[in-house]
S.K.: 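Sharing a structure with you now.
Each chain gets a letter, A, B and so on, in the order its sequence line appears, and its residues count up from 1.
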Protein chains: 2
Amino acid sequence: MTADSTRRRILEESLDLFGTRGVDGVSLDDIAESVGVRKQSILYWFNSKATLVDAVLDHAADELLTVVEAAVRSRGDDPLARVDAVVCAVFRPVVRRPALLGLVREVGRLDPRHLNHLRQRLDPVIQACRCYFESEMHRGRLRRCDPALLAGMLYATVAGVGTEPVVLESLGWTADTAGLRQLRRELRRYVRATLAP
Amino acid sequence: MTADSTRRRILEESLDLFGTRGVDGVSLDDIAESVGVRKQSILYWFNSKATLVDAVLDHAADELLTVVEAAVRSRGDDPLARVDAVVCAVFRPVVRRPALLGLVREVGRLDPRHLNHLRQRLDPVIQACRCYFESEMHRGRLRRCDPALLAGMLYATVAGVGTEPVVLESLGWTADTAGLRQLRRELRRYVRATLAP
DNA sequence: TCACGTATCTACCAAGTGGTAGACAACTGG
DNA sequence: CCAGTTGTCTACCACTTGGTAGATACGTGA
């Protein structure tokens, strides 16, 4: 069916556009043009812009959660290695598609309704992460500090690096293959330095 | 004169509104209403929205640079103490006014023209910071890594913490006085862990 | 007093916004 | 072959957007 594929294409394009230019900066006509369809077809699949935003948020959350959960499960016992695995796993999709985290970041300025929607979605992961940090701190395998805030600062670092290539470029960084490899290496070392007890 | 004060009030309100809701999410009418004036008065002082955005960016850069430069000069020799001083100095204005860094962050999705404008403005500070990091790494007083990327990641962390209280609140953090104090303490420790050789 | 510059206003406008109503194919199962 | 569903379309609409034109009030120096 071409039908469902249209829906998916709308979601994909919306994610990219919302994430890079902001929800308010993108009109339904813009999305329609990217998809190669008319605005009214978008309103057929999602009966309002707000609905579309919700769906796109879910879509983004799916993509991120899948990657993160896989990475968490894949590694063994050491917390530093585990976080490192998550950083690596997240790095590729995030830098290749700044819109992904860019959209999550957008959420802070949207209706509280959208916010709660996403929050509910991410909450289990957040809580699990927090508990995990806490127990590992007790075992002395992570630097002792507030686990929730540590998670927040890690998120801020990774999200910032992923969503603001513009800033890095101002620092003389280049977005080519070598640059990306270097960025990932430095990010991993940075995070490790942050966590080591 | 009420005149110049109107101009300044437009700048202040615009900074807050742009920074929190995004440039595209704020209309001239919105700003006008906040200031208590008509839209045409805004267009009298700034002859287009783009001009206003430029002026607001300058305004924000001024505010940040002043604080940062003062902090850099105030401290003595140790690089960790120096960065710590900058973090502390920036912390108050940034969390009390998320719009400040929020606007800087906005810049990535605006016209390249605006971007270059701001870039030119911040470049000297960026370069100085980079050189400083480099020399201190040579002297073994900072963890050895790429100085530019280190600066980028520090920026990402601090900007993220300052501009995304929403995320921190999802982690159970509260924005009261005690919460702010705790956040600052954790942020300082985080940054220190990042820099220590 | 009067011409002039300054700061603000009301009254518009063209373009773009999200959204509705309904026509038109294209495909289904009976 | 036909009735009904599904997906897309054209044609609108009410409202908001950034911006223009011009009137009004208020000094202020000659």
S.K.: Let's go through A:R105 and B:R105 carefully: what are the C-alpha distance in whole Å and the side-chain angles of both, what is the deciding distance for side-chain contact (heavy atoms from CB on, under 4.5 Å) to 0.1 Å, and is it a yes or a no?
M.R.: CA-CA 11 Å; A:R105 168 167 292 179; B:R105 168 168 292 179; 3.1 Å; yes
S.K.: Measuring only between side-chain heavy atoms, which start at C-beta, is B:F133 closer than 4.5 Å to B:V83?
M.R.: yes
S.K.: Using the test side chain to side chain contact (heavy atoms under 4.5 Å, CB included), find all partners of A:H114 that sit at least two apart in sequence or belong to another chain.
M.R.: A:A50, A:V53, A:D54, A:L57, A:L110, A:D111
S.K.: Side-chain contact, heavy-atom cut-off 4.5 Å: A:L122 with B:S170?
M.R.: no
S.K.: Could you check how far NZ of A:K39 sits from P of C:dT17, rounded to whole Å?
M.R.: 8 Å
S.K.: Evaluate the side-chain proximity of B:E169 to A:R119: yes if any heavy-atom separation is below 4.5 Å, no if none is.
M.R.: yes
S.K.: For the CG atom of B:L149 and the CZ atom of A:R184, what is their distance to the nearest 0.5 Å?
M.R.: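 One gets 14.0 Å once the value is rounded to the nearest 0.5 Å.
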S.K.: Taking CZ from A:R7 and C1' from D:dT8, how many angstroms apart are they, rounded to a whole number?
M.R.: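 To the nearest whole Å, that distance equals 16 Å.
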S.K.: How far does the helix from C:dT1-D:dA30 to C:dG30-D:dC1 bend, going by the axes of its first and last five pairs, to the nearest 10°?
M.R.: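 It works out to 10° between the end axes.
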S.K.: Evaluate the side-chain proximity of A:I31 to A:F18: yes if any heavy-atom separation is below 4.5 Å, no if none is.
M.R.: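 In contact.
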S.K.: How close or far is atom P of D:dC9 from atom CH2 of A:W45, stated in whole angstroms?
M.R.: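 To the nearest whole Å, that distance equals 12 Å.
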S.K.: Measure CD1/A:I10 against C1'/D:dG7 and give the value in whole Å, please.
M.R.: 11 Å
S.K.: Enumerate the side-chain hydrogen bond (donor to acceptor under 3.5 Å, both in side chains) contacts for residues 79-98 of chain B, please, sequence neighbours excluded, ordered by first and then second residue.
M.R.: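 Only B:E12-B:R97, B:D16-B:R97, B:E63-B:R97, B:D84-B:R188 qualify under side-chain hydrogen bond (donor to acceptor under 3.5 Å, both in side chains).
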S.K.: Whole angstroms only, please: what is the CG-C1' distance between B:L43 and C:dT10?
M.R.: 14 Å
S.K.: Check whether any side-chain N or O of A:T6 sits under 4.0 Å from OP1 or OP2 of D:dT8, and answer yes or no.
M.R.: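 Yes, A:T6 has a side-chain N/O under 4.0 Å of OP1/OP2 on D:dT8.
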S.K.: Within this structure, what is the CG-to-P distance between A:N47 and C:dT20, rounded to whole angstrom?
M.R.: 8 Å
S.K.: Mind calculating the distance between CZ (A:F46) and P (D:dT8) to the nearest angstrom?
M.R.: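 Going from A:F46 (CZ) to D:dT8 (P), I get 11 Å.
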S.K.: At a heavy-atom distance below 4.0 Å, what parts of residues 22-38 of chain B sit against DNA chain C?
M.R.: B:V37, B:R38
S.K.: When rounded to the nearest 0.5 angstrom, what distance separates OG in B:S135 from CZ in B:R139?
M.R.: 6.5 Å
S.K.: Identify, residue by residue, the members of residues 48-60 of chain B with a heavy atom below 4.0 Å from DNA chain D, and return them in order of residue number, or none.
M.R.: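 Residues of residues 48-60 of chain B that come under 4.0 Å of DNA chain D are, in numerical order, B:S48, B:K49.
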S.K.: Between B:Y44 and A:Q40, who's closer to the 5' end of DNA chain C by nearest nucleotide?
M.R.: B:Y44
S.K.: Keeping the roles fixed (side chain from B:D62, backbone from B:H59), state whether a donor-acceptor pair exists under 3.5 Å.
M.R.: no
S.K.: Using atom types as modelled, flag every donor-acceptor pair under 3.5 Å from a side chain in residues 189-197 of chain B to any protein atom, sequence neighbours excluded.
M.R.:
{"from": "B:R189", "atom 1": "NH2", "to": "A:R144", "atom 2": "O", "distance (Å)": "2.5"}
{"from": "B:Y190", "atom 1": "OH", "to": "A:M153", "atom 2": "O", "distance (Å)": "3.4"}
{"from": "B:Y190", "atom 1": "OH", "to": "A:T157", "atom 2": "OG1", "distance (Å)": "3.0"}
{"from": "B:T194", "atom 1": "OG1", "to": "A:T194", "atom 2": "OG1", "distance (Å)": "3.3"}
{"from": "B:T194", "atom 1": "OG1", "to": "B:Y190", "atom 2": "O", "distance (Å)": "3.2"}

